[in-house]
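Residue numbers start from 1 in every chain, and the chains themselves are labelled A, B, ... in the order their sequence lines are given, proteins ahead of strands. All values below were derived from every heavy atom in this structure, side-chain atoms included, with hydrogens, water molecules and symmetry-related copies excluded.
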Number of protein chains: 2
Amino acid sequence: MIESDELLSIRAAELYYEEDKTQDEIGSILTLTRWKVGRLLAQAKANGFIRIEIVHPRARRLPLERRLRETCGLTDAVVISATGVDDPDELQSRVAQAAADYLTALRPVPRTLGISWGRTLDDVALHLRDGWARDVDVVQINGGVSLNRRAGTAASTAVSIAQKAGGHATLLPSPAILERLETKQAIESDRAVSAVLDLAAGADAYLFSAGAADAGSVLVDSGYLTAEDVSGLVRRGAVGDVVGRYIDAAGAIVDPGLDERTVGLSLESLRAARLSIAVIAGAAKHAVASAVVGSGLCTVLVTDEETAVHLIEHHPPVQDSEGQRGTA
Amino acid sequence: MIESDELLSIRAAELYYEEDKTQDEIGSILTLTRWKVGRLLAQAKANGFIRIEIVHPRARRLPLERRLRETCGLTDAVVISATGVDDPDELQSRVAQAAADYLTALRPVPRTLGISWGRTLDDVALHLRDGWARDVDVVQINGGVSLNRRAGTAASTAVSIAQKAGGHATLLPSPAILERLETKQAIESDRAVSAVLDLAAGADAYLFSAGAADAGSVLVDSGYLTAEDVSGLVRRGAVGDVVGRYIDAAGAIVDPGLDERTVGLSLESLRAARLSIAVIAGAAKHAVASAVVGSGLCTVLVTDEETAVHLIEHHPPVQDSEGQRGTA
DNA sequence: CCGGCGCCTGCTCATATGAGCAAAGAATGC
DNA sequence: GCATTCTTTGCTCATATGAGCAGGCGCCGG
């Protein structure tokens, strides 16, 4: 008899959702009382037979956001719907749009915003509307100026975000990674650089992305690393990079020597920030996303549905290293 | 401003459908009146942003059924949901199940039911429950006994359907297709055969399927035709067979000579029937389905979603040759 | 065979939602 | 600049739906 109830609930659901009949009408069609129909419908929902989906490029997955916040200890999360999106560029674009929306709606409005650079950030800048905020100053938090074509976009990302908010951009006039430690120390002690780093360290909020550890990384693309360097890092456990620094699944620096030669905000500073927004999309970045979220590098994550599910399923991949920041 | 309304309607839909908030609550979250929220929700639905799907192997597509009935002039249609079903066997099985359900619910219960045979019908027989009806006699409407292994199932299909209804089966003791016209005429004049054909002609209802015109057909499988025969027929416009008779897209006999040698109910008798139920599933049978429905061979069609859409989109593929039977 | 227990049914009542309408606002033409 | 028309807004009222409860039914142990 329980099986016939299931079937009935399906018949009722068809009439209710597809034919827009009232429960009462369904009752007379199926010779049931209207309360029974209501119960069948509730049952169909509870059994998961009714699937409601919002199909729109800007649609979000609120329940996933909540679960992400709860299981990963984030203060906030934005998860965009990605059913039927197979093109990674389209996915990235949608997530970037969502990040732009998040920034725009962010209250209180940060006076200074620290940003990294890369394809994703560029995309976010593109999606921000003119006047998205008033007087927000932007400061780069990792090096990358003037090494090649790609570096140009690093500057333009920052400038574009700042301009659209009527603020101004402060660029970090330094390569991302230097060949010798001494050079790095020298450049860091230079007033022009250290002032920017100080500004970056005092930003009200950070916005950054992460790169997958593969040869397609912007760091390779920009000439800071070779494909061989990256595969070496991968062999040592690297899952990706954040503000130019390669981390393993636990969020720890993979190659301290390399890290020493990398100019920019330290991961500790990022972890200590009150508000740091990570924007990470795509299957290729599932591993980095895990590391970033699991090691507390961000307080807010903007991502796609699949990545969110991955993060939730692969639970807190790090034991308990979070906790400095409150769990809503 | 119309764009911001669209976005708002998506936000509202997320809160309404994913978070189960009341329109009033959504109103206070988005600082909108509750009526505005209601309108946004209605708008989101109207724009097709809200997709409600019933996920269940027995789920049907009522709106498609209606459209199918209306555009194709059927008295009834059953369309089963097939989203995410890629396995053709699974599809066939679900449609067969639906046909079995339809038969079971059919009122008035037919005293005699004429049936064809084949993989699909076999599947329908399998899905019928014991006691699906009381005292329904079953009669085969086309030949096919005792030529090979496959023929055995033809008999068992009929017997099974009859047994489960507590009635008895009458088999047509003849091959489906004979090699010589004289033999066919001789066998048809035999009392044992003609009596069955008379019974078949007087059945209250018919249940049949259709085969695609390819080498995988049961007629080839059973040895009545060779793969070459079939490709010859295809060259002459055949799209598939119904009760052993090959038809073209317009529902006309492709090879009158062959048809003359085929034993069983004529297509005219089928077209004249008050109740004839076709069970056709799968992409391979889209073309036959069109021919069957377009030429009025059935009054009721049981099929899958994709086939239904195909039929509706390829409109009445025949000019106006329907009309003998009332259009609801 | 009977009483107790728990589930299911059909109800009342409270709440949520949709239809229809009058007024406000925006857009247009004069 | 003003009147007209069309759209949008906030409402009232009717309807649809869900919560919660009392009675009835079957199931089980005694």
Side-chain angles (χ1 to χ4, degrees), chain A residues 1-56 58-63 65-66 81 101 105 129-131, chain B residues 1-56 58-63 65-66 81 101 105 129-131:
Chain A
M1 295 309 101
I2 196 158
E3 206 239 319
S4 74
D5 251 26
E6 179 171 316
L7 210 40
L8 259 187
S9 76
I10 295 301
R11 295 283 92 89
E14 288 161 357
L15 292 165
Y16 192 70
Y17 292 106
E18 302 204 310
E19 299 283 82
D20 291 311
K21 301 229 177 275
T22 167
Q23 298 188 1
D24 214 354
E25 291 175 294
I26 297 171
S28 43
I29 291 169
L30 302 177
T31 51
L32 256 36
T33 68
R34 102 166 176 264
W35 296 283
K36 179 71 182 171
V37 174
R39 282 179 185 122
L40 286 172
L41 251 21
Q43 204 180 308
K45 262 194 208 167
N47 290 4
F49 297 146
I50 313 299
R51 177 202 233 124
I52 301 184
E53 205 182 325
I54 303 170
V55 282
H56 193 281
R58 305 282 276 270
R60 286 164 56 180
R61 286 274 106 100
L62 265 27
E65 294 182 358
R66 184 211 312 283
S81 155
D101 290 347
R129 313 177 51 122
D130 240 323
Chain B
M1 296 306 102
I2 196 156
E3 206 239 319
S4 75
D5 250 27
E6 178 171 317
L7 211 39
L8 260 186
S9 75
I10 296 301
R11 296 283 93 88
E14 288 162 356
L15 292 164
Y16 192 71
Y17 292 105
E18 301 204 311
E19 300 283 83
D20 290 311
K21 301 230 179 276
T22 168
Q23 297 188 1
D24 214 354
E25 290 175 296
I26 297 171
S28 43
I29 291 169
L30 303 177
T31 51
L32 257 35
T33 67
R34 101 167 176 264
W35 297 284
K36 180 71 182 169
V37 174
R39 283 179 185 122
L40 286 172
L41 250 21
Q43 203 181 308
K45 263 193 208 166
N47 290 6
F49 297 146
I50 313 299
R51 177 199 237 127
I52 301 184
E53 204 182 327
I54 303 170
V55 282
H56 193 282
R58 305 283 276 271
R60 286 164 55 183
R61 287 273 107 102
L62 267 26
E65 294 181 357
R66 184 212 311 285
S81 154
D101 290 347
R129 311 177 53 122
D130 242 322

Without placing hydrogens or testing angles, list every side-chain donor-acceptor pair under 3.5 Å for residues 44-52 of chain A, not counting sequence neighbours.
none

Subject >> Nucleic acid contacts of residues 28-39 of chain A, taken as heavy-atom distances under 4.0 Å to DNA chain D >> reply: A:Arg34, A:Arg39

Subject >> Contacting residues from residues 10-26 of chain A, given that a heavy atom lies under 4.0 angstrom of DNA chain D >> reply: A:Tyr16, A:Thr22, A:Gln23

Subject >> Length of the line joining A:Leu40:CG and C:dG10:P, which is rounded to integer Å >> reply: 11 Å

Subject >> By side-chain hydrogen bond (donor to acceptor under 3.5 Å, both in side chains) - contacts of A:Glu18 (at least two apart) >> reply: B:Arg61

Original post:
What residues, two or more places apart in sequence or in another chain, satisfy side-chain hydrogen bond (donor to acceptor under 3.5 Å, both in side chains) together with B:Glu53?
Top reply: B:Thr83

Would you tabulate the nitrogen or oxygen pairs shorter than 3.5 Å linking the protein to nucleotides 25-27 of chain C?
none

Original post:
First and last nucleotide of DNA chain D touching chain B, 5' to 3', heavy-atom cut-off 4.0 Å?
Top reply: D:dT9 to D:dT12

Original post:
Who passes salt bridge (Lys or Arg N to Asp or Glu O under 4.0 Å) against B:Arg66, sequence neighbours left out?
Top reply: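 Counting only residues at least two positions away or on another chain, B:Arg66 forms a salt bridge (Lys or Arg N to Asp or Glu O under 4.0 Å) with A:Glu19.
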
For residues 28-42 of chain B, which side-chain N or O atoms pair as donor and acceptor with protein atoms under 3.5 Å away, sequence neighbours left out?
from	atom 1	to	atom 2	distance (Å)
B:Ser28	OG	B:Glu25	O	2.9
B:Thr33	OG1	B:Lys36	N	3.2
B:Lys36	NZ	B:Asp5	OD2	3.4

Subject >> Within residues 7-17 of chain A or reaching into it, pairs that qualify as side chain to side chain donor-acceptor pair (under 3.5 Å) - sequence neighbours excluded >> reply: A:Arg11-A:Glu14

Original post:
What's the spacing between A:Gln43 CD and A:Ile10 CD1 if we round to 0.5 Å?
Top reply: 9.5 Å

